[in-house]
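Here is how names work: the chains are called A, B, and so on, in the same order as the sequence lines, proteins then strands, and each is numbered from 1. As the structure is a computational prediction, the values presented were derived from the model and not from experiment.
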Protein chains: 2
Amino acid sequence: MSKIKTWSKLALLGLTTATLVACGGSEKAEETAKVETKAEVINWKMVTTWPKNFPGLGTGAENLAKSINEMSNGRINIKVYAAGELVPALEVFDAVSRGTAQMGHGAAYYWKGKAPAAQFFTAVPFGFTAQEINSWIHHGGGLALWEEIYAPFNLIPMAAGNTGVQMGGWFNKEINSLEDFQGLKMRIPGLGGEVLKKVGGIPVNLPGGEIFTSLQTGAIDATEFVGPYNDLAFGLYKAAKYYYYPGWHEPGSTMEAIFNKEAFEALPKDLQLIVRAAARQANAEMLDEFTALNNSALQTLVNDHNVSLKPFPEDVLSALKKASAETLEEVAAADPMSQKVYDSFKDFGSKVRAWHEVSERAYINAREID
Amino acid sequence: MSKIKTWSKLALLGLTTATLVACGGSEKAEETAKVETKAEVINWKMVTTWPKNFPGLGTGAENLAKSINEMSNGRINIKVYAAGELVPALEVFDAVSRGTAQMGHGAAYYWKGKAPAAQFFTAVPFGFTAQEINSWIHHGGGLALWEEIYAPFNLIPMAAGNTGVQMGGWFNKEINSLEDFQGLKMRIPGLGGEVLKKVGGIPVNLPGGEIFTSLQTGAIDATEFVGPYNDLAFGLYKAAKYYYYPGWHEPGSTMEAIFNKEAFEALPKDLQLIVRAAARQANAEMLDEFTALNNSALQTLVNDHNVSLKPFPEDVLSALKKASAETLEEVAAADPMSQKVYDSFKDFGSKVRAWHEVSERAYINAREID
């Protein structure tokens with residue numbers, strides 16, 4: 001923030017430069033300077049890709065704004081806009097890029113048309129769990145690559161939410177073999193959609209608000225969304241009977257906060273750190289919330305709504321895994337930045353999976369031994 | 001913080017009440033009040049249970065202090081003390097309780113002599129992974145119980161670090177059956193030690209600095225510590241050949257920050273929230289760090305130091321699991337607060353495990369299908 005802005009703000013408060021200096025005394029210049037800048041309120045807009053009061057994802061964005069407001073003691077004041085209130089859901093990236101809003105909340109794979117490499121920062125089929133992607137982003141070089149992808153767009157990204165392993169989706173028929181995906185029209189965005197295409201399906205991209213009706217009218221045959229907590233709220237059980245797991249296509253989806261570069265860099269250092277800590281807090285908080293709330297929603301779906309909960313057959317998962325690897329190679333080969341990100345993803349992935357063979361995986365299997 | 005303290009601090013800066021009010025004008029009382037409180041520096045001491053510059057755990061505590069200092073723009077200034085610098089490692093709890101230090105960093109199971117129920121907030125054998133314990137603490141009622149346990153000690157706890165699934169430990173001989181634990185002297189603290197005792201072993205509690213020598217001289221036959229990243233730094237491979245997994249006794253150990261109640265409650269609301277966000281950030285950051293760094297350390301141990309990496313046999317894990325369940329029942333039965341915490345742990349545990357059967361576990365097994 002410029003000195004001039006600060007002074008003019010203080011003038012509006014009835015405090016003039018001359019008066020303040022006179023009060024503090026010239027030997028206290030540094031203390032006085034601190035006092036001056038505290039009074040300015042930085043008004044920000046946050047645009048989001050989420051419907052109003054959307055559980056978990058949308059409320060997570062609201063809480064992020066609230067915690068920045070409160071930790072900054074009102075020095076940053078953020079007004080949150082749901083999808084369509086200021087700009088449509090899928091214009092969040094552009095709106096923050098050009099400074100219409102100073103920040104946004106959504107998911108990086110929505111921007112694959114602008115930057116294909118962004119997809120790796122939401123979810124990769126057969127890729128990272130929540131713990132793994134957090135580690136890649138914050139200790140495996142991921143964040144620097146993400147920043148590199150967004151820099152030409154005048155944006156700074158941060159991880160700001162995670163759903164954990166999602167569900168495999170809602171289907172009107174059983175999936176017994178890979179042939180059951182032939183011609184299947186399924187709402188599935190991002191890299192997962194590309195994989196579905198490779199095995200003969202027809203990926204459709206629909207915003208959340210249109211999924212239920214499309215499934216019920218037969219415009220689509222299947223859909224994935226998030227997990228029981230969100231899917232129950234959406235009423236998807238009324239339009240499809242079979243609920244498959246695991247979510248091979250989104251094993252730990254990251255939500256993002258994006259910031260207009262000038263707006264973020266104009267903040268004093270302490271406020272920048274407050275914003276970063278608030279994003280990190282939101283990132284952890286959302287995963288904790290989904291982890292705690294998914295089970296009771298799943299029980300309600302199965303016990304009260306007669307949903308048929310089914311695992312994908314092993315040979316289907318095996319085929320989807322091969323198709324995923326091929327898809328990722330193709331996506332990487334088509335774009336140098338995607339290749340760079342994919343190389344980092346693969347390298348970190350092989351290491352973290354080796355570690356999780358003797359830690360997470362060995363443990364959660366051991367825990368279920370009789 | 002009291003009004004009086006603030007005024008006296010400001011007086012030291014050469015700014016008097018009268019001058020400030022005269023400057024701001026009475027119609028700006030609220031703005032003036034904000035300006036006043038900014039100038040005070042709150043000096044805190046943080047005592048820790050960690051040796052100086054201890055990787056991961058100790059540096060995590062240092063980073064927590066740094067982020068509070070910086071986010072508060074110097075309004076809170078925290079000086080960090082390693083174990084023994086101000087008080088011995090195992091007196092951290094008492095020192096913060098009586099206000100010798102305003103905060104501490106360590107692990108709750110160190111205080112089982114004072115509050116047995118505290119053990120549930122570090123690690124429970126065959127209990128929660130990192131993701132699960134975070135969810136229990138922040139969305140499953142865990143934090144309220146932890147606060148209840150610490151309230152009589154004038155302390156406020158927060159989760160402030162997690163190691164992820166630990167390793168099962170270092171042994172001088174192979175573990176082929178439960179009989180191999182008979183008479184085995186092993187350094188293993190907390191509930192894990194109680195379980196070892198139940199299967200015929202002899203648990204020993206040693207501070208980190210004494211483990212290596214004890215193992216090398218044969219004073220103990222085995223030890224667990226944390227995981228490859230920490231264990232490599234400690235040189236444990238020089239004193240034992242067999243490195244077992246998984247860490248059934250510590251599947252996602254939480255580190256804690258504790259605060260003297262009066263010191264924390266005297267903070268203005270914005271600083272309280274900054275402290276909470278910094279702890280949450282430290283909690284996520286440590287897990288990200290361990291997840292990223294354990295694998296290369298493990299590769300070094302196996303490839304450069306000829307460590308023999310081995311899984312516990314299934315029947316041994318099965319027996320340890322039964323012994324763990326019995327131990328937890330006994331610990332709970334001996335203390336009403338432990339019973340209350342154990343009930344919450346069991347209830348949340350059965351739900352989160354049911355969810356992870358179709359999410360984390362189903363996924364990470366599916367990912368390894370050929």
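- For A:Asn365, the parts sitting under 4.5 Å from any heavy atom of chain B are the backbone and the side chain alike.
- Each of A:Asp315, A:Leu287, A:Leu309 has some count of heavy-atom pairs under 4.5 Å with chain B, and the biggest count is that of A:Leu287.
- Taking A:Gly168, A:Gly227, A:Ala366, A:Ala277 one by one and counting their heavy-atom pairs under 4.5 Å with chain B, the maximum is reached by A:Ala277.
- A:Arg276 has no carboxylate O lying under 4.0 Å from a charged side-chain N of B:Glu70, or vice versa, which leaves the two without a salt bridge.
- Looking at A:Leu320, there are no atoms closer than 4.5 Å to chain B (heavy atoms on both sides), in backbone or side chain.
- Your options are B:Glu360, B:Arg361, B:Glu289, B:Met167, and the one with the most heavy-atom pairs under 4.5 Å with chain A is B:Arg361.
- Within a 6.0 Å sphere centred on CD of B:Glu314, heavy atoms belonging to other residues, nucleotides or ligands number 12 at most.
- Ranked by heavy-atom pairs under 4.5 Å with chain A, the list B:Arg353, B:His356, B:Lys322 is led by B:Arg353.
- Chain A forms the most heavy-atom pairs under 4.5 Å with one residue out of B:Gln281, B:Arg367, B:Lys269, and that residue is B:Arg367.
- Neither the backbone nor the side chain of A:Phe312 comes within contact range of chain B; no heavy atom of the residue lies under 4.5 Å from a heavy atom of that chain.
- Contact tally against chain B (heavy-atom pairs below 4.5 Å) for A:Gly127, A:Gly140, A:Pro311: the top residue is A:Gly127.
- One distance of note links CE of B:Met71 with CG of A:Asp270; it measures 10.0 Å at 0.5 Å rounding.
- To the nearest 0.5 Å, the span separating CZ on A:Phe348 from OG1 on B:Thr291 amounts to 7.0 Å.
- Counting heavy-atom pairs closer than 4.5 Å to chain B, the top-ranked of the candidates A:Gln299, A:Gln131, A:Glu357 is A:Gln131.
- Taking CG from A:Leu298 and CH2 from B:Trp355, the interatomic distance works out to 6.5 Å, rounded to the nearest 0.5 Å.
- In terms of non-hydrogen atom pairs under 4.5 Å with chain B, the most contact-rich of A:Ser67, A:Pro228, A:Ala130 is A:Pro228.
- Both the backbone and the side chain of A:Ile274 come within less than 4.5 Å of a heavy atom in chain B.
- Heavy-atom distances place the backbone of A:Asp370, and not its side chain, under 4.5 Å from chain B.
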* Steps toward side chain to side chain contact (heavy atoms under 4.5 Å, CB included) verdict (B:Tyr245, A:Tyr363) -> CA-CA 8 Å; B:Tyr245 69 91; A:Tyr363 174 70; over 6 Å; no
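- The CG atom of B:Asn73 sits 12.5 Å away from the CG atom of A:Asn73 when rounded to the nearest 0.5 Å.
- Heavy atoms of B:Ile369 lying under 4.5 Å from chain A belong to its backbone as well as its side chain.
- For A:Ile364, the parts lying under 4.5 angstrom from a heavy atom of chain B are both the backbone and the side chain.
- Heavy-atom distances place no part of A:Ala278 under 4.5 Å from chain B, backbone and side chain included.
- For A:Lys321, the part lying under 4.5 angstrom from a heavy atom of chain B is the side chain only.
- Surrounding NZ of A:Lys346 are more than 12 heavy atoms belonging to other residues, nucleotides or ligands, all under 6.0 Å away.
- Highest contact tally toward chain A, considering only B:Thr129, B:Ile137, B:Val352, is held by B:Thr129 [criterion: heavy-atom pairs under 4.5 Å].
- To the nearest 0.5 Å, atom CZ of residue B:Phe290 and atom OG of residue A:Ser135 are 11.5 Å apart.
- Donor-acceptor pairing under 3.5 Å is recorded for the side chains of A:His139 and B:Glu285.
- In terms of heavy-atom pairs under 4.5 Å with chain B, the best-connected choice from A:Gln166, A:His138, A:Arg280, A:Gln272 is A:Arg280.
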